[in-house]
Amino acid sequence: MIKNLNPVPAFDIKQQYANIEAEISTAVLEVLASGRYIGGPAVTDFERQFADYHGVPECVACNSGTDALYLALRALNIGAGDEVITTPFSFFATTEVITAVGAKPVFVDIDATTFNLDVEKVTAAINHQTKVIIPVHLFGLPVDMTALMEIAQANNLAVIEDCAQATGATWAGQKVGSIGHVGCFSFYPTKNLGGCGDGGAITTNDPAIATQLRILREHGSKTRYIHEEIGVNSRLDAIQATILQIKLRYLDLWNSKRQQIANYYYQHLSQIANIIVPQELPSGVGVWNQYTIRITGENRNGAGDKYRDWVKNQLQEQGVNTMLYYPLPLHLQPVYRYLHYKPGQLPIAEKACQEVLSLPMFPELTQEQQDQVIETLKSIF
Ligand SMILES: *Cc1c(COP(=O)(O)O)cnc(C)c1O
């Protein structure tokens, strides 16, 4: 047991703020003094910068990653009678929005090494009702977008990339969110580009989709007080936009720190029995929103199939905080009982839920903290 060390948090957003506090305070005070709290240059400047960062012509900012996905489905006219193929291993928002627009989520199992949608299994799930595929670049590791776009094109389907955990990741040299028809981003504080509150954005190469998104996020209105359809109120606050402009300048640096930490974890954890480390595909450059390992092995220490939970508790007792992303797959969520999925139907995702453990991962994680995580894990096994 390692004693007398401070606990390592799973993430620490206060540290990041402390490093850029002066810049943020100045910019926020400027917005407060300007009186432009909704819309205005802070928002349009951020939209332009975020579009340029992704090499796309259009960015539409909104209130959250969830809204980004919802608005994307609405802009593509997805609704009752349509099917949307996605992963069962993601944050609930990915499928919540499919249901919210009245469409049916169709879950395809994941790949065991990347935790992402198993692209080879997608074609078998396509039928005449299928309209969209939503790949999730989970934990910041890109999905095989080359193979997925081929399938989408062959079947005339739209692709909405859920990039909530992957801002800055690339597939074959292209930023995720610029490859599919629409890219959806979250600026929730713990994401790679996190604001100081809620926020989201949608990227697209298609100006017609962008126009539709702008109408939908503004109460279905193009001309003020003239409403052409039922939309929502989903805006990025000017204060968040000004903060995100500053943080966007640091994003590549922060992502490279995450990559260094992921490499260090890989070097020291990949040889430990009972641990399977995550791996990216050859054409993908991940940005490691999470570093999620699998704990394998059953009935050790009398823990049975709750071995991972036992390991998590041991780590916590020894001062290493971890997270469970995600303990229950989406197809087995209580709210989706009406879809009639059965346990065992998507076995790789279900097994992942039993085995995953997300280690401390944030750019400011020090060398000492990384060593503390590694040494504590080694002492447990
Ligand atoms: C965070 C997240 C979302 C939702 O983003 P919010 O900004 O919290 O609404 C959607 N999908 C995935 C994969 C996420 O991690």
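We count ligands from 1, going down the list as the structure has it; atoms in each ligand are counted the same way.
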Is ligand 1 under 4.0 Å from a heavy atom in the side chain of Ser90, in the backbone, in both, or in neither?
side chain

Could you tell me whether some N/O pair between [X] and ligand 1 is separated by less than 3.5 angstrom?
X      : answer
Tyr326 : no
Lys191 : yes
Asp162 : yes

Side-chain donor-acceptor pair under 3.5 Å between Asn63 and Ser234, yes or no?
no

Report the C-alpha distance between Glu355 and Lys306 in whole Å, list the side-chain angles of each, state the deciding distance to 0.1 Å, and finish with yes or no for salt bridge (Lys or Arg N to Asp or Glu O under 4.0 Å).
CA-CA 9 Å; Glu355 295 182 344; Lys306 294 280 187 267; over 6 Å; no

Can you figure out which of Ala93, Ala164, Ala68, Ala201 has its heavy atom closest to atom 12 (C) of ligand 1?
Ala164

Would you mind checking which non-hydrogen protein atom is closest to atom 4 (C) of ligand 1, with the distance to 0.1 Å?
Thr66 OG1, 3.5 Å

I need the atoms of ligand 1 closer than 4.0 Å to a non-hydrogen atom of [X], numbered in the order shown.
X      : result
Ser64  : 7 (O), 9 (O)
Gln165 : 13 (C), 14 (C), 15 (O)
Val136 : 13 (C)

Answer yes or no: are there more than 12 heavy-atom neighbours, outside Lys104 itself, under 6.0 Å from its atom NZ?
no

Pairing of Arg214 and Glu218 as salt bridge, 4.0 angstrom limit
no

Below 4.5 Å, heavy atoms only, C-beta onward: do Gln318 and Ser379 meet side chain to side chain?
yes

Which other residues belong to the hydrophobic cluster containing Val101, where Ile, Leu, Val, Met, Phe, Trp and Tyr are joined when side-chain heavy atoms lie under 4.5 Å apart, directly or via other members?
Val60, Leu69, Tyr70, Leu71, Leu73, Leu76, Ile78, Val84, Val97, Ile98, Val132, Ile134, Ile160, Val182, Ile202, Ile209, Leu213, Leu216, Val232

Aromatic plane relationship, Phe91 with Tyr326 - under 30° parallel, 30 to 60° tilted, over 60° perpendicular:
tilted

